[in-house]
Structure formats: C-alpha cells, structure tokens
K.L.:
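Quick one: the structure is below, and I'll ask about it shortly.
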Amino acid sequence: MKLPRARHRWNLSPRRAVALQRELAEGIREAPLPIAPRLIAGGDCAFVDDGRTIIAAWVVWDLRDACVVEEAHVLRPVRFPYVPGLLSFRETPALLAAARRLRVEPDVFMVDGHGRAHPRRFGIACHVGLLLDRPTIGCAKSRLCGRFEQPEDRTGSITTLSDRDDVIGLTLRTRHAVKPVFISIGHQITLSDACDVVMKSCLGFRLPEPTRLADQLVNRIKKTHGP
DNA sequence: GCGACAG
DNA sequence: ATCTTGTCGC
C-alpha cells in the first residue's frame with residue numbers, strides 16, 4: 001500500500017500528545033463510502049517480551065466471497081505506555097507499519113478501539129484513518145466515554161452512545177444476548193455505513209471477522225516469538 | 001475529593 | 001493488553 005508521509009513524531013509527552021489530538025481531530029471527515037465496500041481490513045495488536053515489543057497485524061477480509069485475501073504484520077519496540085485516551089500513541093505506529101506491507105487496497109479499515117467516541121473525539125481509529133487517509137471504523141469491546149442504554153437482545157439491535165450534546169457512536173448487538181460492541185467513525189465514513197460494515201462482517205461471533213482473525217494472528221505470532 | 005478509564 | 005482452569009452451553 002502506498003501511504004502518505006508521516007506528519008508528526010510519536011515520542012511526545014502525554015501533555016503534547018493530548019494537544020496534538022485536539023489539532024488532528026479537526027482533520028477528521030465524516031462522509032458516505034464512495035462505493036459498496038468489499039475488502040475490509042481488520043487490525044489488532046499483541047505484546048511480547050514483557051511488554052517491550054508490540055506485534056501489529058491486518059487481515060483483509062473479502063465480504064463478497066467470505067474469505068481472507070491477505071495478511072500482513074510487523075514487530076516493533078513499544079515506545080509509549082498505555083494511558084486511557086492516548087492508546088493511539090502506543091499502537092498506531094505499528095499498525096501503520098503493518099499497513100504499509102499490504103499489497104491489496106482495502107475499501108475500509110477497522111480498528112480494535114474507538115474512533116470519535118473519545119474524550120477529545122480522536123481515538124485510535126481516527127488517528128489511523130487520518131494518517132492512512134482511508135475510510136476507517138472504530139469497533140471497541142468496551143466503553144471509554146459517553147452514556148448509552150443497553151440495546152435489545154436481538155442481533156442487529158442498536159442504541160446511541162452520547163457524550164454531552166453529541167452522538168459519538170453506537171452500541172451494536174452483533175450476536176443474540178451477547179455484550180454489544182461500540183462503533184464510531186474513524187475517518188471518511190458515516191456512522192450508519194460503519195454500522196452496516198461491522199454487521200455485514202460478523203459471522204456468528206461477537207467481533208467482526210477481520211478483527212477476530214487479526215486477533216488470532218497476532219496471538220499466534222506472539223507464541224512463536226515466545227515470552 | 002471520589003470514581004472512571006479503549007487496548 | 002496480560003496474568004490464568006475449569007466449566008456451562010449450543
């Protein structure tokens with residue numbers, strides 16, 4: 001994949017990182033997907049060496065043929081601690097490096113974490129999407145901020161995730177009676193399109209297939225590079 | 001001051 | 001994220 005040149009450095013103080021998020025958040029665009037998406041890239045990370053090395057991977061899933069089209073991964077040293085709200089400074093560098101290794105051009109990227117459903121409206125899905133300059137979705141397993149009502153038990157049920165006066169995302173029941181996932185836009189997509197893509201990517205499991213497979217992949221690689 | 005807090 | 005076994009259910 002041909003990607004834009006890096007716009008900023010990553011080894012910032014938490015304070016600078018927060019300021020950068022506020023600046024970059026202005027560049028996020030919400031827009032309908034140009035075409036019906038077919039290739040969905042799911043990304044995820046895992047850690048080895050007592051947390052000093054991060055493994056990032058993308059698994060590209062073909063929605064039409066229901067099969068994996070390509071996989072790419074990378075190992076890199078960890079340079080930022082986990083701080084709620086600053087997750088992207090820890091995982092994005094590795095995810096971008098791994099994306100650079102993809103040969104196919106995914107229609108949409110799906111990140112394991114929030115996008116706009118973030119205190120400063122700039123979660124990891126926004127950061128990844130902005131730097132990739134590609135449609136990106138944030139699909140998280142738990143809430144970071146905002147309030148919501150539990151969606152009905154039925155598969156496909158949704159409720160809004162709100163913070164102050166903004167609808168920042170949705171909760172989506174991807175499987176009957178199983179905890180919902182939290183969806184928000186990362187970049188260049190609408191919340192509605194994001195929700196459709198996530199639901200269409202689910203094959204009977206709580207997490208969408210691209211993300212689920214990426215999770216399996218990084219954990220498989222992790223065992224290879226033993227603790 | 002007291003909780004909450006993606007992965 | 002990671003540390004960790006068995007167990008209940010489709």
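These numbers were taken from a predicted model, which means no experiment stands behind them. Chain letters run A, B, ... following the sequence lines, proteins first, then strands; residues in each count from 1.
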K.L.:
Give a yes/no on whether any side-chain N or O of A:Arg143 is located under 4.0 angstrom from OP1 or OP2 of B:dC5.
P.N.:
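A:Arg143 to B:dC5 OP1/OP2: side-chain N or O found under 4.0 Å.
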
K.L.:
Are A:Lys222 and C:dA1 close enough that a side-chain N or O sits under 4.0 Å from OP1 or OP2?
P.N.:
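Answer no for this pair, as no side-chain N or O of A:Lys222 is under 4.0 Å from OP1 or OP2.
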
K.L.:
Run the salt-bridge test on A:Arg38 and A:Asp62 with the 4.0 Å N-O cut-off and return the result as yes or no.
P.N.:
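Yes, this pair counts.
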
K.L.:
What is the distance, to the nearest angstrom, from the CD1 atom on A:Ile124 to the C1' atom on C:dA1?
P.N.:
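Rounding to the nearest Å, CD1 of A:Ile124 and C1' of C:dA1 are 12 Å apart.
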
K.L.:
Tell me whether A:Arg90 contacts the main-chain N or O of A:Phe80 through its side chain, where contact means a donor paired with an acceptor under 3.5 Å.
P.N.:
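Between the backbone of A:Phe80 and the side chain of A:Arg90 there is a qualifying donor-acceptor contact (under 3.5 Å).
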
K.L.:
Exactly one of A:Arg147, A:Arg143, A:Arg121 should register a salt bridge (Lys or Arg N to Asp or Glu O under 4.0 Å) with A:Asp163. Which one does?
P.N.:
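For A:Asp163, the salt bridge (Lys or Arg N to Asp or Glu O under 4.0 Å) test succeeds with only one of A:Arg147, A:Arg143, A:Arg121, which is A:Arg121.
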
K.L.:
Would you mind telling me which of B:dA6, C:dT2, B:dG7 lies closest to the side-chain atoms of A:Asn219?
P.N.:
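Comparing B:dA6, C:dT2, B:dG7 against the side chain of A:Asn219, the answer is C:dT2.
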
K.L.:
Report the relative orientation of the aromatic rings in A:Phe89 and A:Trp10; use parallel for angles under 30°, tilted for 30 to 60°, perpendicular for over 60°.
P.N.:
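A:Phe89 and A:Trp10: perpendicular rings.
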
K.L.:
What protein N or O atoms touch nucleotides 4-9 of chain C N or O atoms at under 3.5 angstrom, if any, and at what distances?
P.N.:
none

K.L.:
From C-beta outward on A:Phe47, which listed nucleotide comes closest to its side chain: B:dA6, B:dG7, C:dA1?
P.N.:
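Among the listed nucleotides, the one closest to the side chain of A:Phe47 is C:dA1.
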
K.L.:
Expressed in angstrom and rounded to an integer, what is the separation of A:His114 atom NE2 from B:dA4 atom C1'?
P.N.:
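A:His114 atom NE2 is separated from B:dA4 atom C1' by 13 Å.
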
K.L.:
What integer distance in Å separates A:Leu161:CG from B:dA6:P?
P.N.:
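Computing the A:Leu161:CG to B:dA6:P distance gives 13 Å.
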
K.L.:
Rounded to the nearest Å, what distance is computed from the CD1 atom of residue A:Ile168 to the C1' atom of nucleotide B:dA6?
P.N.:
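Computing the A:Ile168:CD1 to B:dA6:C1' distance gives 12 Å.
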
K.L.:
Any donor-acceptor pair under 3.5 Å linking the side chain of A:Arg120 with the backbone of A:Phe122?
P.N.:
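Flag not set: sc A:Arg120 to bb A:Phe122 has no pair under 3.5 Å.
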
K.L.:
Starting at CG of A:Asp163 and ending at C1' of B:dA4, how long is that distance when rounded to a whole Å?
P.N.:
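The answer, rounded to whole Å, is 13 Å.
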
K.L.:
Under 4.0 Å between any heavy atoms, over every strand shown, what does A:Gly138 touch: base, sugar-phosphate, or nothing? Just pick one.
P.N.:
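Nothing, no heavy atom under 4.0 Å.
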
K.L.:
Remember a base hit wins even if backbone is also touched, and classify A:Ala117 as base, sugar-phosphate or nothing at under 4.0 Å, heavy atoms.
P.N.:
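Contact class for A:Ala117: none.
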
K.L.:
Measure from CG on A:Asp112 to C1' on B:dG7 and round the result to the nearest Å.
P.N.:
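After rounding, the reported distance stands at 7 Å.
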
K.L.:
Centres of the A:His8 and A:His127 rings: under 6.0 Å?
P.N.:
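Judged by ring-centre distance (under 6.0 Å), A:His8 and A:His127 do meet the cut-off.
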
K.L.:
Please give, in whole Å, the distance from B:dA6 P to A:Asp215 CG?
P.N.:
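Roughly 17 Å, once rounded to whole Å.
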
K.L.:
Base, sugar-phosphate or nothing for A:Leu86? Non-hydrogen atoms, less than 4.0 Å.
P.N.:
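Base: the residue A:Leu86, judged by heavy atoms under 4.0 Å, touches a nucleobase.
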
K.L.:
Please name the pair of heavy atoms, one in A:Cys45 and one in A:Ala56, separated by the smallest distance, quoted to 0.1 Å.
P.N.:
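That would be SG-CB, 3.9 Å.
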
K.L.:
Considering only B:dA6, C:dT2, C:dA1, which nucleotide approaches the side chain of A:Lys141 most closely?
P.N.:
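Output: C:dA1.
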
K.L.:
Looking at A:Ser142, I'd like to know whether one of its side-chain N or O atoms comes within less than 4.0 Å of OP1 or OP2 on B:dC5.
P.N.:
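Checking A:Ser142 against B:dC5: no side-chain N or O falls below 4.0 Å of OP1 or OP2.
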
K.L.:
Once you round it to whole Å, what is the distance between C1' of B:dA6 and CD1 of A:Ile54?
P.N.:
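The distance from CD1 of A:Ile54 to C1' of B:dA6 comes to 14 Å, rounded to the nearest Å.
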
